Amino acid sequence: MKNFMAANWKMNKTIAETREFLRDIIPSVKEVTDVDIVIAPPFTALSAAGDAIGTTNIQLAAQDIFWEEKGAYTGEVAPAMLLDAGCKHVIVGHSERRQYFHEDDTVVNRKAGAAQKAGLGVIFCVGESLAERESGKTFDIIRREVEKGLEGIDAGNLVVAYEPIWAIGTGKTASPEQAQEVHAFIRDILRKRYGETAEDIRILYGGSVTPENVKSLMACQDVNGGLVGGASLKPDSFAKLVCYKKEK
Ligand code: PEP
């Protein structure tokens, strides 16, 4: 299975900074053929990023989507607009969207459905908070988020990201054992839903991934890539994550 390494820039980088990042990273990753390399800039930089990426081996993702096709939805961005800007994927269900913008499983599911219908790949995020982990609810939360969020969603072009909220932006990474345990659990839910196709769904780990810990996380059987925030903002650091097989 081809690994998948995605940069989630969140609310960072202007158009000029996006161009600079791509100018710097393209030469260092251009020979990579065994990893899908994905960057998710903010909406304002998507089109410029799409132009800068051109026909290179980097793919573009959006950080959010709305499910309606057009109309009176001030501030929202439609699936066709993301395609128009050059996007191939979209992140849905990120914990920051769930937490700060009150997106529940129904909203996440509608967004995933609209993205798939438009032909966009879905990077579908799930994860438990520290309080949920400490009270032994991790697997209940993950099961609910996966089952409800993926209702009616096809396996094709679907990538799932396990992002424990306590590990996002905190410098506290899940151990490879903790990650593998949840990834295997997610794979099992996917098997029940999609049968054999579940073996081909990439399950990414996200949460303080760095060039120092990437190799041990990627060595886990059911970890098929990463969704990276902080360490994806610098071209040399993200290039190291993409080329993690060469890291010590
Ligand atoms: C993320 O927000 O998707 C993320 C994993 O962030 P970080 O790598 O900074 O923890």
Side-chain angles (χ1 to χ4, degrees), residues 3-13 17-18 21 25 35-43 45-46 49 58-65 87 89-103 108 111-112 115 121-130 132-133 138 141-142 145-146 149 158-176 178-180 182-183 186 202-218 220 222-244 247:
N3 270 25
F4 192 103
M5 195 60 73
N8 174 17
W9 286 353
K10 312 190 187 193
M11 200 169 69
N12 293 292
K13 292 200 193 292
E17 287 165 346
T18 299
F21 177 98
I25 200 167
V35 178
D36 279 322
I37 310 167
V38 177
I39 61 155
F43 285 135
L46 282 176
I58 299 180
Q59 302 169 39
L60 194 61
Q63 297 175 21
D64 192 19
I65 187 169
C87 291
H89 312 267
V90 59
I91 300 172
V92 299
H94 192 280
S95 61
E96 287 152 15
R97 302 278 336 155
R98 293 180 191 258
Q99 192 181 344
Y100 304 136
F101 304 98
H102 313 293
E103 293 192 5
V108 172
K111 290 187 170 189
V122 173
I123 305 170
F124 172 80
C125 308
V126 296
E128 82 287 1
S129 67
L130 186 59
E132 287 160 350
R133 174 162 281 262
T138 298
I141 299 292
I142 301 296
E145 288 184 343
V146 174
L158 171 69
V159 172
V160 177
Y162 168 54
E163 298 209 307
I165 298 168
W166 48 271
I168 297 181
T170 58
K172 217 174 153 190
T173 318
S175 66
Q178 284 173 320
Q180 172 56 28
V182 178
H183 282 231
I186 293 173
R202 271 85 61 93
I203 308 179
L204 317 181
Y205 168 78
S208 299
V209 176
T210 64
E212 288 72 42
N213 61 29
V214 64
K215 213 169 177 179
S216 60
L217 287 159
M218 297 306 130
C220 301
D222 289 295
V223 178
N224 315 116
L227 179 56
V228 188
S232 75
L233 291 170
K234 294 220 168 75
D236 58 334
S237 147
F238 189 57
K240 282 184 183 162
L241 297 180
V242 168
C243 306
Y244 70 88
E247 289 297 296

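Ligands are counted one by one from 1 in listed order, and the atoms in each one are counted from 1 as well. Bear in mind the structure is a predicted one, so any value in this text is a computation, not a measurement.
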What's the shortest distance from atom 5 (C) of ligand 1 to any protein heavy atom, and which residue and atom give it? Glu163 OE2, 3.1 Å
Protein contact to atom 2 (O) of ligand 1 [nearest heavy atom, distance to 0.1 Å]: Lys10 NZ, 2.5 Å
Would you say the side-chain atoms of Glu145 pair up with the backbone N or O of Gly127, donor to acceptor, closer than 3.5 Å? yes
Which label fits His89 and Phe4: parallel for a plane angle under 30°, tilted from 30 to 60°, or perpendicular past 60°? perpendicular
Considering only heavy atoms, does Asn8 approach ligand 1 within less than 4.0 Å through its side chain, its backbone, both, or neither? side chain
Can you tell me which residue and heavy atom of the protein come closest to atom 1 (C) of ligand 1, and the distance to 0.1 Å? His94 NE2, 3.3 Å
So the atoms of ligand 1 within less than 4.0 Å of a heavy atom of Gly169 turn out to be 7 (P), 9 (O), 10 (O)
Proximity flag Ala167 to ligand 1, non-hydrogen atoms under 4.0 Å: yes
Rounded at 0.5 Å granularity, tell me how far CG in Leu204 sits from CE in Met218. 8.0 Å
Which atoms from ligand 1 have a heavy atom of Gly229 less than 4.0 Å away? 4 (C), 5 (C), 6 (O), 7 (P), 8 (O), 9 (O)
Under 3.5 Å between some N or O of ligand 1 and some N or O of Ser208? yes
Any heavy atom of Ala231 sitting closer than 4.0 Å to ligand 1? no
Minimum-distance pair of heavy atoms, taken over all atoms of Ser208 and Gly169: OG-N, 3.9 Å
Report the distance from atom CZ of Arg97 to atom OG of Ser95, rounding to the nearest 0.5 Å. 11.5 Å
Hey, could you give me the CG/CD distance between Asn8 and Glu96, rounded to the nearest 0.5 Å? 7.0 Å
Please collect all side-chain hydrogen bond (donor to acceptor under 3.5 Å, both in side chains) contacts where either partner lies in residues 158-172, sequence neighbours excluded, each pair once. His94-Glu163, Glu128-Tyr162, Glu128-Trp166, Arg133-Tyr162
Output the distance between atom CD (Gln180) and atom CG (Asp222), rounded to the nearest 0.5 Å. 4.5 Å
Please list, in number order, the atoms of ligand 1 under 4.0 Å from a heavy atom of Leu227. 3 (O), 5 (C)
With a cut-off of 4.0 Å, which atoms of ligand 1 are near a heavy atom of Gly230? 7 (P), 8 (O), 9 (O)
Considering the heavy atoms of Gly207, write down every atom of ligand 1 situated less than 4.0 Å from one of them. 5 (C), 10 (O)
